[in-house]
Amino acid sequence: MKIYVSNLSFNVQDEELLNLFTPFGAVASAKVITDRETGRSRGFGFVEMEDDNAAQEAMQQLDKTSVDNRSIGVSEARPKSDRSFGNSPFKSDNGGYNKRKW
DNA sequence: GTTGAGCGT
């Protein structure tokens, strides 16, 4: 399950995310999105967990909790389009991500 | 020694 973590402090990074979600279950990957140009944190990240129910658990437990003096937000991540940044400038039909009835 | 909505290359 992919998890979207928002409102992160700018000093929290991948490892911090990992440490946050690890106690709830196996974390496949944890990544804080940093600005590609400057390298600074953008204040949000993604966490991929092996176990789905562990992910749900982590979400409820970590959402709105204070991390580094900031109340973070944890929710299920949107599906990153099957091929959003491939090679074609036309990208996907929706323009980035499936804009269904979320 | 930057800053605060947001869904990653």
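Lettering of chains follows the sequences in order, A, B, ..., and the numbering in each one begins at 1.
Nearest-nucleotide mapping onto DNA chain B: of Ser29(A) and Ser9(A), the residue sitting toward the 5' end is Ser9(A).
In terms of heavy atoms, Ser71(A) sits closest to Asn7(A) at O-OD1, 2.7 Å.
Rounded to whole angstrom, the span from the CD1 atom of Ile3(A) across to the C1' atom of dG8(B) amounts to 15 Å. For the pair Arg42(A) CZ and dG4(B) C1', the interatomic distance rounds to 12 Å; values are reported in whole Å. Rounded to whole Å, atom C1' of dC7(B) lies 13 Å from atom CE of Met59(A). Whole-Å rounding puts the Lys2(A) NZ to dC7(B) C1' distance at 11 Å. Following rounding to the nearest Å, Arg36(A) (CZ) and dC7(B) (P) show an atom-to-atom distance of 17 Å. A straight line from CG of Asp35(A) to C1' of dA5(B) spans 14 Å, rounded to a whole angstrom. When the C1' atom of dT9(B) is taken as reference, atom CD of Glu37(A) falls 13 Å away, rounded to whole Å. A straight line from CD1 of Ile33(A) to P of dG8(B) spans 7 Å, rounded to a whole angstrom.
Side-chain atoms of Asp14(A) never come within 3.5 Å of backbone atoms of Lys31(A) as a donor-acceptor pair (strictly under, hydrogens ignored).
As judged by a 4.0 angstrom heavy-atom cut-off over every strand, Leu8(A) is placed among the base-contacting residues.
Each of Leu8(A), Asn11(A), Val12(A) was checked for a side-chain contact (heavy atoms from CB on, under 4.5 Å) with Asp68(A), and the lone residue meeting it is Asn11(A).
Listed nucleotides: dG6(B), dT9(B), dG4(B). Nearest to the side chain of Arg70(A): dG4(B).
For the pair Leu62(A)/Leu20(A), a side-chain contact is recorded, criterion being any heavy-atom separation below 4.5 Å from C-beta on.
Remark: ring of Phe46(A) stacked against base of dG8(B); centroid gap under 5.5 Å, plane tilt under 30°.
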